K.L.:
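Before anything else, here's the structure in question.
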Amino acid sequence: MTYNKIHIATASPELTVGSVLVIYTGGTLGMVYEVREKQLVPFHFDQIIERVPEINRLNFDMTFLSLNEPIDSSNMNPEIWIELATIIADEYAHYDSFVILHGTDTMAYTASALSYLLEDLNKPVILTGAQLPIGVARSDARENVLTALELASARTSEGLPVISEVCIYFNSMLLRGNRSKKQESSNFNAFHSENYPYLAIAGVRIEYNWPYIKPFEVEKTLQVQKRLDTNVAFLKMFPGINAHVVHAILHIEGLKGVVLETYGAGNATTDQWFLDAVSEAISRGIVLFNVSQCDGGRVAQGQYQTSRFLKQVGVVSGSDITAEAAITKMMYVFGRENDPVKCARLLATPLRGEMSI
């Protein structure tokens with residue numbers, strides 16, 4: 001597949017010290033106000049210097065690539081995740097780092113999915129976006145883009161990339177992608193990572209949180225999986241949930257796995273009909289992955305009587321994984337394996353730093 005590429009020649013007098021491929025998927029960031037029509041419309045990235053003149057002062061080679069059909073992030077899907085992973089794989093030898101411009105609503109899902117698809121990643125892949133379009137006076141787009149580019153190009157004194165994993169940069173914070181959640185729709189601090197510390201904070205200087213950054217691994221070679229299985233679902237517990245709802249979800253045709261969103265530390269109702277439904281689903285080979293509805297904390301199956309049964313029948317504990325990382329991990333795992341026992345084992349194992357054990 002061919003894509004529209006635009007090479008940006010910066011005016012920095014310094015020598016070029018690396019290269020970055022910026023992939024535009026769509027979203028709020030790439031919109032400007034069109035005076036004639038009095039509405040927001042997508043802008044062309046050959047105008048990026050006009051919109052963000054500070055790029056002129058950057059000292060690395062930059063190329064913009066736009067998907068053939070940029071979309072609102074609400075329309076993001078696994079096919080596009082695989083497309084993004086494939087672009088990175090195809091261009092991996094040609095660029096030192098990658099920045100993905102993405103709408104905020106599903107950014108945490110995309111970051112999580114890419115973290116699984118890009119196995120043995122050893123270069124930065126940083127997602128960013130904006131709460132306000134780049135063409136609006138108070139937009140957060142410029143700072144987010146510029147700092148994401150700076151983070152992507154950062155090198156250690158040995159010349160190695162500081163970041164070698166999939167991350168989200170937003171509003172001064174660099175977060176591990178598969179630990180992130182969107183928690184704000186009206187404030188600039190849209191993303192948080194309650195169960196894992198920030199990787200860097202951008203103030204007057206960029207301060208790195210070194211103990212929590214994935215180290216560069218010299219011998220690793222990128223491997224990309226190009227299959228995700230979407231025969232998965234969420235089942236969220238709530239007071240008053242009834243047997244018809246649970247039965248309908250657990251008997252979806254072709255279903256392979258369910259992310260069970262439970263209360264607190266992994267607790268659910270102990271009504272007999274629910275226990276029977278869970279047990280029967282597992283006996284049919286359906287894998288259930290227990291994830292807490294709380295943003296912070298973790299699942300501790302068996303700690304309370306209301307989760308003991310789940311542990312006994314083989315529900316997989318998701319520990320402190322986010323719901324976004326859990327559902328995309330399930331797609332990835334079922335894309336790799338057909339055996340429910342092997343899938344359950346992979347779900348319980350940290351693959352890309354997405355959960356603690």
Side-chain angles (χ1 to χ4, degrees), residues 1-12 16-32 42-73 76 80-81 83-104 106-107 110-111 114-115 118 121 123-131 133-135 139-155 161-171 174 177 200 202 206 222:
M1 188 176 292
T2 59
Y3 299 93
N4 180 36
K5 282 185 180 180
I6 300 170
H7 180 258
I8 304 296
T10 64
S12 172
T16 299
V17 291
S19 57
V20 58
L21 179 65
V22 182
I23 304 170
Y24 176 62
T25 68
T28 298
L29 182 146
M31 306 294 285
V32 294
F43 85 97
H44 298 289
F45 275 94
D46 54 2
Q47 303 170 340
I48 188 68
I49 297 295
E50 176 187 337
R51 297 293 175 181
V52 191
E54 296 88 347
I55 284 177
N56 273 319
R57 294 195 287 273
L58 300 177
N59 63 333
F60 46 85
D61 191 70
M62 195 181 315
T63 300
F64 280 83
L65 179 154
S66 179
L67 296 188
N68 292 324
E69 295 184 14
I71 62 167
D72 185 280
S73 71
M76 185 56 65
I80 299 176
W81 294 336
E83 183 179 357
L84 291 171
T86 301
I87 290 171
I88 291 170
D90 291 346
E91 301 288 355
Y92 199 70
H94 304 135
Y95 296 93
D96 298 313
S97 56
F98 302 86
V99 170
I100 299 176
L101 307 182
H102 195 289
T104 58
T106 58
M107 190 185 292
T110 297
L114 288 176
S115 75
L118 300 171
L121 177 69
K123 294 182 179 182
V125 175
I126 300 178
L127 287 83
T128 194
Q131 294 287 65
I134 201 167
S139 175
D140 54 334
R142 295 176 186 83
E143 191 278 327
N144 285 347
V145 171
L146 287 166
T147 307
L149 289 167
E150 186 173 350
L151 288 161
S153 65
R155 295 290 181 270
V162 172
I163 304 298
S164 56
E165 59 181 300
V166 179
C167 299
I168 287 176
Y169 176 76
F170 218 90
N171 193 46
L174 182 70
I206 296 177
L222 180 69

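All values reported here derive from a predicted model rather than from experimental measurement. Note that these values count all heavy atoms, side chains included, but never hydrogens, waters or copies made by symmetry.
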K.L.:
Please determine whether side chain to side chain contact (heavy atoms under 4.5 Å, CB included) holds for the pair Val20 and Tyr95, giving the CA-CA distance in whole Å, both sets of side-chain angles, and the decisive distance to 0.1 Å.
P.N.:
CA-CA 6 Å; Val20 58; Tyr95 296 93; 5.9 Å; no
K.L.:
Return the minimal non-hydrogen interatomic distance between Leu222 and Ala89, and the atom names on each side.
P.N.:
CD2-CA, 4.0 Å
K.L.:
Under the 3.5 angstrom rule, does the side chain of Ser73 hit a backbone N or O of His102 as a donor-acceptor pair?
P.N.:
no
K.L.:
Within the structure provided, determine whether Thr63 and Val22 are in side-chain contact (heavy-atom separation under 4.5 Å).
P.N.:
no
K.L.:
Listed by chain and number, what are the ring pair (Phe, Tyr, Trp, His ring centres under 6.0 Å) partners of Phe170, not counting sequence neighbours?
P.N.:
Phe191
K.L.:
So, for Ile206 and Ala200, which heavy atoms are closest and what is the spacing to 0.1 Å?
P.N.:
CG2-CB, 4.1 Å
K.L.:
Indicate yes or no: at least one non-hydrogen side-chain atom of Ile100 is less than 4.5 angstrom from one of Ile88.
P.N.:
yes
K.L.:
State, yes or no, whether a side-chain contact exists between Arg155 and Pro161 at a heavy-atom distance under 4.5 Å.
P.N.:
yes
K.L.:
Just to verify, what does Tyr92 make a side chain to side chain donor-acceptor pair (under 3.5 Å) with, not counting sequence neighbours?
P.N.:
none
K.L.:
Specify the closest pair of heavy atoms between Gly26 and Pro70, including all atoms of both residues, with the distance to one decimal.
P.N.:
CA-CB, 3.9 Å
K.L.:
Out of curiosity, Trp81 CH2 to Thr25 OG1, how far, rounded to the nearest 0.5 Å?
P.N.:
12.0 Å
K.L.:
Enter the distance from Ile80:CD1 to Thr110:OG1 here, rounded to the nearest 0.5 Å.
P.N.:
8.5 Å
K.L.:
When you measure from the side chain of Ser19 to the backbone of Asp61, do you find a donor-acceptor pair of N or O atoms at a distance under 3.5 Å?
P.N.:
no
K.L.:
Tell me the closest heavy-atom pair linking Ala152 and Pro124, and the distance in Å.
P.N.:
O-CG, 3.4 Å
K.L.:
To the nearest 0.5 Å, how far apart are CD1 in Ile87 and CG in Asp90?
P.N.:
8.0 Å
K.L.:
Please report the closest heavy-atom contact between Tyr169 and Ala202, naming both atoms and the distance.
P.N.:
OH-CB, 3.6 Å
K.L.:
Can you measure from OG (Ser139) to CG (Asn144) and round to the nearest 0.5 angstrom?
P.N.:
8.0 Å
K.L.:
I want to check something: taking the side chain as every heavy atom from C-beta on, are Ile23 and Leu21 in contact at a cut-off of under 4.5 Å?
P.N.:
yes
K.L.:
Using 0.5 Å steps for rounding, measure from the CZ atom of Phe64 to the CD1 atom of Ile6.
P.N.:
8.5 Å
K.L.:
Would you mind reporting whether Ile163 and Leu174 have side-chain heavy atoms less than 4.5 Å apart?
P.N.:
yes
K.L.:
Do the side chains of Ser115 and Glu165 get nearer than 4.5 Å, heavy atoms only?
P.N.:
no
K.L.:
Below 4.5 Å, heavy atoms only, C-beta onward: do Leu84 and Leu67 meet side chain to side chain?
P.N.:
yes
K.L.:
Between CG of Leu58 and OG of Ser153, what distance do you get to the nearest 0.5 Å?
P.N.:
7.5 Å
K.L.:
Step through the shown structure and confirm whether more than 12 heavy atoms of other residues, nucleotides or ligands are within 6.0 Å of CD on Glu91.
P.N.:
yes
